[in-house]
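Please read the structure below before turning to the comments.
A, B, ... follow the sequence lines: proteins, then strands. Residue 1 opens every chain.
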2 protein chains.
Amino acid sequence: MINVKNKKLAAALGEHIRSLRLQKELSQEQLAYEADIPISQIGRIERGEINATVSTLFVIAEALKTDLKTVVDFKIKK
Amino acid sequence: MINVKNKKLAAALGEHIRSLRLQKELSQEQLAYEADIPISQIGRIERGEINATVSTLFVIAEALKTDLKTVVDFKIKK
DNA sequence: TGTTCTAAACGCATATATGCGTTATTTTTA
DNA sequence: TAAAAATAACGCATATATGCGTTTAGAACA
């Protein structure tokens, strides 16, 4: 990811997902297990290292017992 | 994309984005121009051929003068 | 029929998300 | 402080999203 705007977007998304995960009192490992994706992927997303795909966000939403709308409901820091 | 669930997700997302685009009376070319992404990408997303990344969905949302929440507000066909 | 507009469907190179490990670091807890 | 738990930070292979172009197909229209 070289684009600055994308980095900020990914960072904001990551913080939001982390916040949702902690609200549910889940560890990254538990969330990864429920979403059936590698824990490394959860970490990279929360740290804002990658621009996740919609399919990954979807399984994360399911694992958090919420929906895509909630997962992308965040504000970007300028 | 080999996963069946991901295909259905991408198809539902594509139909929804197409619907939003047509509501705004934009061609794929116009949307691509506004979002500053290749028209081929718009087509592939609308046809459900790919699992778009959040950054791509974000620029599409901006081009449609809406937000990410609206772009991912769709139901998946079973 | 020919022209224009729109979208589909290609091909291809490159960037990067994903998947799966391991090791290091930090935080929490006993 | 020591141990355990949680997370970060690697490396690496593979799948695939993206970017950019061209060609084809279809519809609308003159």
Side-chain angles (χ1 to χ4, degrees), chain A residues 1-65 68 71-72 74 76, chain B residues 1-64 68 71-72 74 76-77:
Chain A
M1 222 193 342
I2 41 180
N3 184 296
V4 176
K5 287 193 72 176
N6 287 357
K7 280 190 186 177
K8 291 186 180 177
L9 177 72
L13 172 64
E15 283 184 30
H16 181 57
I17 288 178
R18 173 165 296 177
S19 169
L20 292 174
R21 173 176 63 81
L22 295 176
Q23 279 172 34
K24 306 280 181 176
E25 295 186 324
L26 293 173
S27 65
Q28 288 185 348
E29 189 174 24
Q30 289 171 317
L31 176 57
Y33 176 79
E34 293 297 330
D36 194 25
I37 58 179
I39 184 176
S40 60
Q41 195 68 353
I42 300 291
R44 287 182 289 213
I45 291 169
E46 288 192 357
R47 291 192 297 278
E49 292 180 3
I50 57 177
N51 274 314
T53 62
V54 65
S55 60
T56 298
L57 296 183
F58 185 76
V59 293
I60 289 175
E62 284 184 321
L64 291 171
K65 301 189 198 306
L68 263 181
V71 170
V72 301
F74 61 92
I76 299 175
Chain B
M1 221 190 349
I2 42 180
N3 183 295
V4 175
K5 288 192 72 175
N6 288 357
K7 280 190 184 176
K8 290 186 180 178
L9 177 72
L13 172 64
E15 283 184 31
H16 180 58
I17 288 177
R18 173 165 296 176
S19 169
L20 292 173
R21 174 176 63 80
L22 295 177
Q23 279 173 32
K24 305 279 182 176
E25 294 186 324
L26 295 173
S27 66
Q28 289 184 347
E29 189 174 23
Q30 290 171 316
L31 176 56
Y33 177 79
E34 294 296 332
D36 194 26
I37 58 178
I39 184 176
S40 60
Q41 195 68 353
I42 301 290
R44 286 182 288 213
I45 291 169
E46 288 193 356
R47 290 193 298 278
E49 292 179 3
I50 58 178
N51 274 314
T53 62
V54 66
S55 59
T56 298
L57 296 183
F58 185 75
V59 292
I60 288 175
E62 284 184 320
L64 290 171
L68 263 181
V71 170
V72 301
F74 61 92
I76 299 174
K77 295 173 180 173

TODO: Determine which pairs satisfy side-chain hydrogen bond (donor to acceptor under 3.5 Å, both in side chains) with at least one residue from residues 7-20 of chain B, sequence neighbours left out, and list them in order.
DONE: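 Output for this query lists B:Glu15-B:Lys77, B:Arg18-B:Glu46, B:Ser19-B:Gln23.
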
Quick one, [X] and [Y] - any side-chain contact, counting heavy atoms below 4.5 Å?
X	Y	result
B:Phe74	B:Leu9	yes
B:Gln28	B:Arg21	yes
A:Leu57	A:Leu13	yes
B:Ile76	A:Phe58	yes

Open item on the list: For A:Glu29, give me all partners under side-chain hydrogen bond (donor to acceptor under 3.5 Å, both in side chains), at least two apart in sequence or on another chain.
Closed with: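 Expected list: none.
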
Open item on the list: Angle between the two end axes of the helix from C:dT1-D:dA30 to C:dA30-D:dT1, five base pairs per end, rounded to 10 degrees?
Closed with: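 That helix has its two terminal axes inclined by roughly 50°.
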
Task: B:Arg47 CZ - C:dT6 P separation (whole Å) - done: 16 Å

- [ ] Please report the shortest heavy-atom distance between A:Val71 and A:Ala61, naming the atom on each side.
- [x]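 The pair with the smallest heavy-atom distance is CG2-CB, 3.6 Å.
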
Which donor-acceptor pairs under 3.5 Å do side chains of residues 32-43 of chain B form with protein atoms, sequence neighbours excluded?
unit_1, atom_1, unit_2, atom_2, d
B:Ser40, OG, B:Arg44, NH2, 3.4
B:Gln41, OE1, B:Arg44, NE, 3.3
B:Gln41, OE1, B:Arg44, NH2, 2.7

Open item on the list: Nearest 0.5 angstrom please: A:Asn51 CG to B:Thr56 OG1, how far?
Closed with: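 Rounded to the nearest 0.5 Å, the CG-OG1 separation comes to 7.5 Å.
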
TODO: Using a cut-off of strictly less than 4.0 Å between a heavy atom of the residue and any atom of DNA chain D, enumerate the qualifying residues of residues 7-29 of chain B by number.
DONE: none

TODO: Mind running side chain to side chain contact (heavy atoms under 4.5 Å, CB included) on A:Asn6 and B:Val54 for me, showing each step along the way?
DONE: CA-CA 9 Å; A:Asn6 287 357; B:Val54 66; over 6 Å; no

Open item on the list: Across nucleotides 15-30 of chain C, 5' to 3', mark each nucleotide with B, S or - according to how protein heavy atoms within less than 4.0 Å reach it.
Closed with: -SSBBBB---------

